[in-house]
Number of protein chains: 4
Amino acid sequence: MRADARRNRARVLAAAEAVFQEAGAAATTEQIARRAGVGIGTVFRHFPTKSDLLHAIITDSLERLTVRVTELESHGDPATAFYDFFTELVRQAGEKHGVMALLAQTGEAPAVHKPIDAWRATVERLLARAQAAGAVRPDVGGDDVLALLLGLCQTAVTTGWDDTRCRAVLRVVFDGLAARH
Amino acid sequence: MRADARRNRARVLAAAEAVFQEAGAAATTEQIARRAGVGIGTVFRHFPTKSDLLHAIITDSLERLTVRVTELESHGDPATAFYDFFTELVRQAGEKHGVMALLAQTGEAPAVHKPIDAWRATVERLLARAQAAGAVRPDVGGDDVLALLLGLCQTAVTTGWDDTRCRAVLRVVFDGLAARH
Amino acid sequence: MRADARRNRARVLAAAEAVFQEAGAAATTEQIARRAGVGIGTVFRHFPTKSDLLHAIITDSLERLTVRVTELESHGDPATAFYDFFTELVRQAGEKHGVMALLAQTGEAPAVHKPIDAWRATVERLLARAQAAGAVRPDVGGDDVLALLLGLCQTAVTTGWDDTRCRAVLRVVFDGLAARH
Amino acid sequence: MRADARRNRARVLAAAEAVFQEAGAAATTEQIARRAGVGIGTVFRHFPTKSDLLHAIITDSLERLTVRVTELESHGDPATAFYDFFTELVRQAGEKHGVMALLAQTGEAPAVHKPIDAWRATVERLLARAQAAGAVRPDVGGDDVLALLLGLCQTAVTTGWDDTRCRAVLRVVFDGLAARH
DNA sequence: GATGAATGAGGGTTCATTCAT
DNA sequence: AATGAATGAACCCTCATTCAT
């Protein structure tokens, strides 16, 4: 029965991510349970608090992203790794709508500071290598890059960018990041 | 009695803006009424729905912004007007925290499409003049600029940028916007 | 509408007392609302917490009892006042079943310490006068009397004493209270 | 495998008594299972309903009390046996807090009438002998004594009597019970 | 027009009980 | 026989909205 429980936990997590995406921060625990095909009690068994669920989603997402960064780093030159990651993230951002909105809501943000901080380190390494390779101007810090990244992701999501818009905006930002002086 | 009503409407609007700023999306109608110094019934008389209230705040804000654009346009060269406006907006974004969060919640965003569209024309004019003056690359459209603007504003608000971060991020974006080719 | 509100508050209070009596500590807020003929929101408007409701019931009850003591004191000799009060209280105890049970539940008791303490003073005065008149042995304190009173009331309620049982038990206790040495 | 089951039953019973004592009526079945060191399923195998568990605790307690009465009867004179039992019971009452509270909750009390009735016979025998020895007035019945007993136990529990209070109250009641006429 | 009391659907959460393993 | 994950009715409480005064 350990296997069942683990499978259900994963199902709930996936359902939560999906529902937060569709319904935004207003997503209900019941909706999540229904989507996962389990009783509401099961959701609470695995995530005693809505905040716990949120925390789990963030941690989970960031872990997958960290894996992706490592992959990119091992395959090509630092500049490509950096810009590909940036591009990929903004394009995929649509999936994170609800979670972002939820994070914006007061009170929950502190709960996810730790996983976010852990991830920040990864992004900073990616940036440092791109800067060492001369592909990114040296006067921007990891936090600035993260800020840009978050901003673009949020808007991509909120206003539903298509591929053309995405490309246009990223071109501007990338030119800005590459600019000397 | 019409004067009374109009004054109350304005008071509620101001109170709502203030309360959304302080309490975020969780602000209740009662808090707004208390802040405005009126009964809750009065709030609902002027804005039959919370959505209506939200709509009014946005419309109101955008109208004030339009005025600001006109002001900037009449005072200096197109490049300065464009970049000053952009900077100012991102810096002031903090004040709109709660409203943004609420907009992110499903169902409300469509309600404010119209006032945003109206404002879009104003921003596009500002951009066109800056481009004509050679201060902004010609291959970005108004929508791209708006997308960047919204993204940065949202993140400024969500993650609480201070002035240093603000300046760093804007430097990158402005360099990107000014870049030739 | 102030009058309406006051009337509703009283209705809720009465309903709560009745429902706690019938359903015991397990009484739900909905039952109370239904009994009072109001919506559940009204109950919460007047008593934001179940604990507040409990507190109000206790305070209310004790105030009525204090009035009753004063009445008895002004009408007859101290001995009669004391024993009549004791008898009356035990006989009426049936009405307080649920409240007593609720008090017994951990966590709520502290909330009602103050009104109980206030009432204690009244009972102590009643006792002191009866002792001064030689009708009650001098070696019992107010707390001892209250303890006896509470114990008998609770059991009267829990086990449903009829008048005969009541008289028999009180005879024993009164003899004990009157005993010299 | 029968031995295992019997041992588990006993463990659950002991755990339930302990947990009800510590957590009061709010004790959950899971707490009990955890304390007993068994799975929650095991608790329900032995006691299909929380009410069954309660019933078993009461029955168990009363059986032990019956044994205690027999012990007291065989060791000394009837008067001492009677008064010692009475005293002992009230003093130990604290241990039954949660169970009493639970009994007070609607619907459960009837379930334990039978074991209480069985025990009544034992107490009545104790009383009859004390009366025959002239140590207790002849005009009180077993039910009166039980009523007093229960009342004092409940209050001892509810209001947390210390030894001094216990002695003071019992002195009054014993004087009343011994009184002639 | 203004007021604020009343309303009740809906949210998060708990826990006795069931059932697959 | 034992386990503990799953279930869902029921609880307390909130808050947008309505309506009597």
Side-chain angles (χ1 to χ4, degrees), chain A residues 1-9 12 26-33 36-53, chain B residues 1-6 8-9 26-34 37-53, chain C residues 1-9 12 26-33 36-53, chain D residues 1-6 8-9 26-34 37-53:
Chain A
M1 187 138 284
R2 204 51 138 311
D4 257 49
R6 204 163 17 227
R7 187 166 60 244
N8 269 345
R9 206 196 112 100
V12 169
T28 295
T29 310
E30 278 230 358
Q31 281 173 39
I32 294 169
V38 302
I40 194 176
T42 301
V43 176
F44 278 93
R45 165 170 280 266
H46 290 291
F47 308 95
T49 280
K50 214 180 179 187
S51 189
D52 291 333
L53 183 52
Chain B
M1 267 308 109
R2 196 49 128 325
D4 254 46
R6 203 158 24 220
N8 270 346
R9 205 195 115 99
T28 72
T29 311
E30 281 237 359
Q31 280 173 49
I32 293 168
R34 209 153 39 228
V38 302
I40 193 175
T42 302
V43 175
F44 276 90
R45 166 165 289 271
H46 289 292
F47 307 96
T49 279
K50 213 179 182 189
S51 190
D52 291 332
L53 182 51
Chain C
M1 188 139 283
R2 203 53 138 308
D4 257 49
R6 199 152 31 217
R7 186 166 61 244
N8 269 344
R9 207 197 111 100
V12 168
T28 71
T29 310
E30 278 231 356
Q31 280 172 39
I32 294 169
V38 302
I40 194 176
T42 302
V43 175
F44 279 94
R45 165 171 280 267
H46 289 292
F47 308 97
T49 281
K50 215 180 179 186
S51 189
D52 290 334
L53 183 51
Chain D
M1 272 303 114
R2 198 49 127 328
D4 252 47
R6 203 161 21 224
N8 269 347
R9 206 195 114 99
T28 71
T29 311
E30 280 236 3
Q31 281 173 49
I32 294 168
R34 209 153 39 228
V38 303
I40 194 177
T42 303
V43 175
F44 276 91
R45 166 165 289 271
H46 289 291
F47 308 95
T49 279
K50 213 180 182 186
S51 190
D52 292 332
L53 182 52

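Between D:H46 and D:N8, the closest heavy-atom pair is NE2-CB, 3.8 Å. Summarising the geometry of C:I40 relative to C:A33, their closest heavy-atom pair is CA-CB, 3.8 Å, with the distance given to 0.1 Å.
Phosphate proximity of E:dT7 to C:T42: present, with a side-chain N or O under 4.0 Å from OP1 or OP2. For the OP1/OP2 pair of E:dA5 and a distance below 4.0 Å, the side-chain nitrogens and oxygens of C:H46 include no atom meeting the criterion. Distances shown here put a side-chain N or O of B:T29 below 4.0 Å from the OP1 or OP2 atom of F:dA16.
In this structure, B:K50 places its NZ atom 8 Å from C1' of F:dC15, rounding to the nearest Å. When the P atom of F:dG4 is taken as reference, atom CZ of D:R34 falls 11 Å away, rounded to whole Å. The nearest whole Å value for the distance from the CG atom in A:D52 to the P atom in E:dG12 is 14 Å. Protein atom CZ of C:F44 is 18 Å distant from nucleotide atom P of E:dG10, rounded to whole Å. Summarising the geometry, the separation between CG on B:L53 and C1' on F:dC15 is reported as 15 Å, rounded to the nearest angstrom. Protein atom CZ of A:R6 is 16 Å distant from nucleotide atom P of E:dT21, rounded to whole Å. D:I32 has its CD1 atom 12 Å from the P atom of E:dC15, to the nearest Å. When the P atom of E:dG10 is taken as reference, atom CD of C:E30 falls 14 Å away, rounded to whole Å.
For the atom pair OG1 of D:T29 and CG of D:L53, the computed distance is 7.5 Å after rounding to the nearest 0.5 Å. To the nearest 0.5 Å, atoms CZ (B:F47) and OG1 (B:T42) are separated by 11.5 Å. Distance check: A:T28 OG1 to A:K50 NZ gives 6.0 Å after rounding to the nearest 0.5 Å.
The side chain of D:V38 lies closest to F:dT3, out of F:dC11, F:dT3, F:dT17. Closest to the side chain of A:R45, out of E:dA2, F:dA5, F:dA16, is F:dA5. When each of F:dA9, E:dA5, F:dT14 is scored by its nearest atom to the side-chain atoms of A:I40, the top-ranked nucleotide is F:dA9. Looking at the side chain of B:T28, the nearest of the listed nucleotides F:dC13, F:dT18, F:dC15 is F:dC15. Of all nucleotides listed (E:dG12, E:dC15, E:dA6), E:dA6 comes nearest to the side chain of C:N8. Checking F:dT7, F:dA2, F:dT18 against every side-chain atom of D:A5, the shortest atom distance belongs to F:dA2.
The main-chain N or O of C:T49 is found under 3.5 Å from a side-chain atom of C:D52 such that the two form a donor-acceptor pair.
Two residues, A:A27 and D:P48, neighbour DNA chain E, and the one matched to the more 5' nucleotide by heavy-atom proximity is A:A27. In terms of position along DNA chain E, the nucleotide closest to C:R9 lies nearer the 5' end than the nucleotide closest to the other residue of the pair A:G41 and C:R9. Residue order along DNA chain F, read from the 5' end via each residue's closest nucleotide, puts A:G39 first among B:T49 and A:G39.
Taking a pair as Watson-Crick or G-U wobble with both distances under 3.5 Å, DNA chain F forms stems of 3 or more consecutive pairs at E:2-21 with F:2-21.
Enclosure of atom CD in B:Q31 by more than 12 non-hydrogen atoms of other residues, nucleotides or ligands within 6.0 angstrom is indicated.
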